[in-house]
Every structure is written in structure tokens, then in C-alpha cells.
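Atoms within each ligand, like the ligands themselves, are counted from 1 in listed order. From a predicted model like this one, the values you see are computed outputs, not experimental measurements. Residue numbers count from 1 along this sequence.
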Amino acid sequence: MNRETSRDLYDRALDVLPGGVNSSVRAAPQPYPTFVSKGDAGHVVDADDNRYVDWVMGLGPLLLGHDVPDEVQAAIQRRTSEGPMYGMPTEIEVDHAEFIARHVPSVEMVRFVNSGTEATVSAVRLARGFTGRDKVIVMQGGYHGAQESTLVSGDREGASPSSPGIPQSFAEHTIPVPFNDEEAAKAAFEEHGDDVAAVLVEPILANKGIVEPNPGYHETLRALTREHGALLVFDEVITGFRVGGLQCAQGKFGVEPDLTTFGKVIGGGFPVGAVGGKTEIMQELTPAGDVFQAGTFSGHPVTMAAGLETLKYAAEEDVFDHVNALGERLRDGLRDIVEDQAPNYSVVGADSLFKVVFTRRGRQPRNGADVADAAVDRWNRVFRPQMLDEGVVLSQNQFESQFVSAAHTEEDVERTLEAYKDAL
Ligand SMILES: *Cc1c(COP(=O)(O)O)cnc(C)c1O
């Protein structure tokens with residue numbers, strides 16, 4: 001397969017973009033990333049005109065795939081032609097917030113921002129402001145964007161920044177615990193209970209292999225936070241309007257957090273984030289309350305139109321049934337292949353998320369450490385490149401989720417399973 005144009009573009013990019021990209025994970029593919037020229041339904045076409053089945057799907061936002069339905073496209077074009085943004089309020093922001101509040105069990109009010117990172121930054125500040133406490137409990141292997149409070153490594157005994165540029169004193173306020181470990185969460189609250197502002201958790205770890213919660217785990221976090229006067233914050237930036245359909249993962253699991261962060265799907269492919277929750281807490285944000293939060297582009301009319309029309313389309317056209325059924329078909333097919341060819345590997349995922357984690361011990365991962373232990377080199381250097389040669393783009397590293405969209409077909413699924421069969 002000829003990928004010369006991608007190579008030449010990456011060569012140019014390395015001179016003007018650090019690492020040749022604008023977001024780290026995009027540079028993970030060896031020896032250079034595939035540059036995209038355009039999308040088409042469930043496929044992407046690269047700069048050399050090669051066509052691939054695309055399971056990256058923008059790293060999550062593209063619930064409908066690359067072909068934006070007419071009504072979504074019309075709404076985006078109308079908003080763009082009327083002037084892209086104003087710095088004054090518009091009706092579409094109210095419409096979108098009403099849609100989210102109507103469907104997501106724990107959400108009464110919403111503050112829109114411009115990325116998932118900004119959403120988690122705002123949620124942590126709000127939780128600290130509301131409780132008057134500083135500490136946050138996070139999951140090892142959880143991801144909440146490129147933000148100071150959560151880029152930490154370590155455990156309950158001590159955390160340190162996982163990136164240069166973050167003061168050690170910031171990490172002192174963060175307590176990492178293993179996902180699915182109720183005892184660790186209890187111990188963290190026993191030690192620090194009165195100082196904990198929030199537990200911040202992805203309902204499903206979706207940036208470290210896809211790890212589902214053990215039955216009862218979120219209920220335990222809910223009980224502990226309530227007992228100690230801390231907030232439970234679900235980071236639904238990936239799972240929101242993808243896992244559990246319109247109710248999101250909190251509806252699927254039947255656990256109501258105090259705050260929820262959103263991103264990805266709710267912008268219909270445009271930059272977005274949001275924090276949602278009960279009025280009592282949300283009212284603490286400025287200008288209603290005192291916890292400062294603001295953004296020039298927040299509630300951007302084009303993004304709001306794209307996101308709201310996407311969600312309405314999903315609600316009306318049974319999109320979740322379609323993507324979930326294809327997700328299940330992929331996971332079932334992959335389980336058969338893995339059982340035959342790589343019995344130590346684990347097929348993971350839920351609804352429209354799927355992945356094969358190259359685990360070494362043949363058991364389903366229960367936390368971030370189980371996934372971190374995977375055979376990453378085989379994935380990076382042998383498996384993913386072969387899948388690419390077979391015309392299938394998988395997520396850029398072993399840890400990110402892969403996403404089914406409304407535009408994917410049975411045929412895309414069968415082709416993908418055949419490629420896995422060859423490459424595994
Ligand atoms: C992607 C992601 C973020 C960060 O969102 P950005 O829009 O990339 O800033 C935060 N939390 C989770 C769970 C995510 O998957």
C-alpha cells in the first residue's frame with residue numbers, strides 16, 4: 001500500500017508541529033501517522049487515496065459516522081452562514097441544555113464549554129468550590145483530559161505529577177486508587193474523608209483498554225461520597241450518549257452522580273464539553289454563584305446546532321440500536337477468533353465500544369494496571385500495521401477505545417473480522 005503522501009506530510013509536520021501532530025496519540029502509529037483527506041460513511045480515505053474501514057471515528061465524537069445527515073448539515077450551514085458566533089446568548093444553547101437535562105437522569109442544569117478537558121477542569125473546580133475541600137480521588141488508568149489535577153501517577157500513599165510542568169504541590173491534592181477496588185476507595189475515605197471534594201471516575205474506563213465496573217462498584221462510590229459529604233463526578237466524555245443511549249452510562253448502571261462531564265458526541269464533531277448536575281450544585285458557578293467559569297467560545301452556536309441535531313437524529317432514527325447491535329456482532333466475532341488464535345487476549349467493550357486487549361494472562365482486565373500490562377509492542381509494531389494494510393484503521397494505540405457509528409455496515413464488520421483473523 002502506497003503511503004508516500006502521508007510520509008511526506010509528516011516530514012513537513014515535524015518541522016512546525018511538536019511531534020508532527022496537535023494531539024499526542026495521533027503520532028503513536030509507527031513509523032508515521034496516516035494523514036486523512038476525507039471521510040465517507042464508515043470509512044476514511046487517506047492522503048494517498050487508500051480507503052479504510054474507520055473504527056477511530058474521531059476518537060469518539062462521530063456517533064453518526066462521516067456522512068452528516070441532511071438535517072444536521074442544514075442546521076450547521078445555516079448557523080455558519082448567519083455568522084458563526086456572537087459572545088451573546090442564543091436559543092440553540094437553551095435547546096441543547098434542555099435536551100441533555102431531559103434525558104440524563106442526574107442532570108438538571110448544564111454549563112457548556114469547549115472540550116472534555118475544560119469540562120473536567122470546571123467540574124473539579126466546582127466540586128472544590130461547592131464543598132470547600134481540596135482533595136479529589138481518581139482512578140489509576142482513568143483519563144480526564146490534559147488537566148493538572150488528574151495527570152498524576154502513584155497510589156493512595158502518594159501521588160506525583162505524570163508530566164513535567166505540574167507542581168508537586170498540585171499532585172498532593174489528588175488520591176489515585178485502582179478502579180473496581182472497593183476496599184481502596186473505603187481506605188482513601190477513612191484517611192482523608194473530611195478533605196475529599198470529589199471522586200472523579202469514568203463509569204467505564206474507556207481510555208485504558210475499556211474496563212467495565214464490577215457489579216456494585218459505582219453504588220459503593222455513591223454511598224461513600226454521600227456518607228463523607230463529597231461529590232460523585234462521572235466523567236461521561238466518552239460514554240455520554242454512547243453507552244446507555246440517551247440516558248448515558250449513569251442510566252445504564254442506575255447510579256446518579258452529583259456532577260457529570262460530557263464532551264465528544266454532544267458536539268456532533270465540533271469542539272465541545274459540558275458539565276451537568278443538580279441545580280443546587282450548578283448554581284455555584286458564576287454568574288449565579290461564586291465559582292469562576294467562562295469561555296469566549298462556550299455554547300458556540302455552530303457546535304450547539306451540530307450536537308443537538310446529531311442527538312435528535314440519534315433519538316429518532318434508532319441509531320443506538322444499530323451501533324449497539326454491530327458492536328455486539330464485533331465482540332462476538334472477535335471472541336471466537338481470540339479463543340482460537342490468541343486465548344490470552346481479552347475482548348472488551350459495551351454497546352458501541354469494542355477492543356481486543358492483548359492481555360498476557362487470559363483474564364478480563366478489571367483495572368488500569370491489568371491493561372497497562374498488555375503486549376503493547378506486538379500491537380504497535382506488528383498487529384496494527386497489518387490491519388492498516390488490510391484496509392482497517394484501529395485506534396492509534398493499544399489503550400484507546402474503538403467506536404461503531406451509525407454509518408458502519410454489516411459488511412464493514414465482516415471485513416474487519418476477516419482482517420483480525422489474518423492479523424491476530
Ligand atoms: C476524551 C476524554 C477527555 C478529554 O476530552 P478532550 O475533548 O480531549 O479535552 C476527558 N475525559 C474522558 C473520559 C475522555 O475520554
Side-chain angles (χ1 to χ4, degrees), residues 21-28 55-63 104 111-127 136-152 162-163 174 176 179 198-213 218 232-244 248-250 252-253 257 259-276 293 295 297-300 303 306-307 348-355 367-368 371 395-403:
V21 289
N22 282 302
S23 190
S24 308
V25 72
R26 295 177 204 166
W55 301 109
V56 178
M57 279 296 150
L59 289 164
L62 303 182
L63 179 63
V104 185
R111 168 65 51 91
F112 287 107
V113 294
N114 305 293
S115 69
T117 297
E118 215 185 305
T120 66
V121 167
S122 304
V124 168
R125 186 181 308 137
L126 176 56
V136 289
I137 295 175
V138 300
M139 303 299 140
Q140 292 163 347
Y143 182 67
H144 307 291
Q147 76 134 310
E148 266 48 7
S149 294
T150 60
L151 285 176
V152 300
S162 59
S163 163
T174 306
F179 189 64
V199 173
L200 181 54
V201 61
E202 294 171 76
I204 294 175
L205 291 193
N207 291 278
K208 200 76 173 178
I210 310 178
V211 182
E212 290 187 69
H218 288 312
L232 179 61
V233 183
F234 272 6
D235 183 353
E236 295 227 40
V237 170
I238 277 192
T239 55
F241 299 96
R242 181 166 287 281
V243 173
C248 307
Q250 57 194 262
K252 185 180 173 103
F253 295 135
L259 292 176
T260 305
T261 51
F262 300 95
K264 300 193 170 122
V265 169
I266 67 160
F270 289 81
V272 79
V275 185
Q293 203 288 321
F297 292 109
S298 294
H300 194 288
T303 303
V348 295
D351 292 356
S352 60
L353 305 176
F354 76 100
K355 185 93 186 180
N367 57 44
V371 178
S395 63
Q396 288 111 322
N397 67 27
Q398 166 73 94
F399 304 123
E400 311 273 339
S401 295
Q402 293 159 176
F403 302 92

In terms of atom number and element, which parts of ligand 1 are under 4.0 angstrom from non-hydrogen atoms of [X]?
| X | answer |
| --- | --- |
| His144 | 10 (C), 11 (N) |
| Asn207 | 12 (C), 13 (C), 14 (C), 15 (O) |
| Asp235 | 10 (C), 11 (N), 12 (C), 13 (C) |
| Glu202 | 13 (C) |
| Gly116 | 4 (C), 5 (O), 6 (P), 7 (O), 9 (O) |
| Ser115 | 7 (O), 9 (O) |
| Thr117 | 4 (C), 5 (O), 6 (P), 9 (O) |
| Ile238 | 15 (O) |

If the plane angle is over 60° it's perpendicular, under 30° parallel, otherwise tilted; pick one for Phe354 and Trp55.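 Answer is perpendicular, since the angle exceeds 60°.
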For [X] and [Y], which heavy atoms make the closest approach, and how far apart are they?
| X | Y | value |
| --- | --- | --- |
| Gly60 | Val265 | O-CG2, 3.5 Å |
| Pro203 | Phe234 | CG-CD2, 3.9 Å |
| Glu202 | Gly141 | OE2-O, 4.5 Å |
| Lys355 | Asn397 | NZ-O, 2.9 Å |
| His144 | Gln147 | O-CG, 4.0 Å |

Specify the protein heavy atom at minimum distance from atom 2 (C) of ligand 1: its residue, its atom name, and the distance to 0.1 Å. Lys264 NZ, 2.7 Å
How far is atom 3 (C) of ligand 1 from the closest protein heavy atom, and which atom is that?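 The closest heavy atom on the protein side is Val237 CG1, 3.7 Å.
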Does ligand 1 have any atom sitting under 4.0 Å from a heavy atom of Glu118? no
Test of proximity, Thr120 against ligand 1: N or O pairs below 3.5 Å: no
Could you list the residues that satisfy side-chain contact (heavy atoms from CB on, under 4.5 Å) with Ala119, not counting sequence neighbours?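 Only Val113, Thr261, Val275 meet the side-chain contact (heavy atoms from CB on, under 4.5 Å) criterion with Ala119.
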Checking Gln293 against Arg111: is there a side-chain donor and acceptor pair closer than 3.5 Å?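 Indeed, the side chains of Arg111 and Gln293 share at least one donor-acceptor pair under 3.5 Å.
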Please classify the Glu236 to ligand 1 contact at 4.0 Å (heavy-atom distances, strictly less than): side chain, backbone, both or neither. neither
For Ile210, which of Val348, Leu205, Ile238 qualifies under side chain to side chain contact (heavy atoms under 4.5 Å, CB included)?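 Passing option: Val348.
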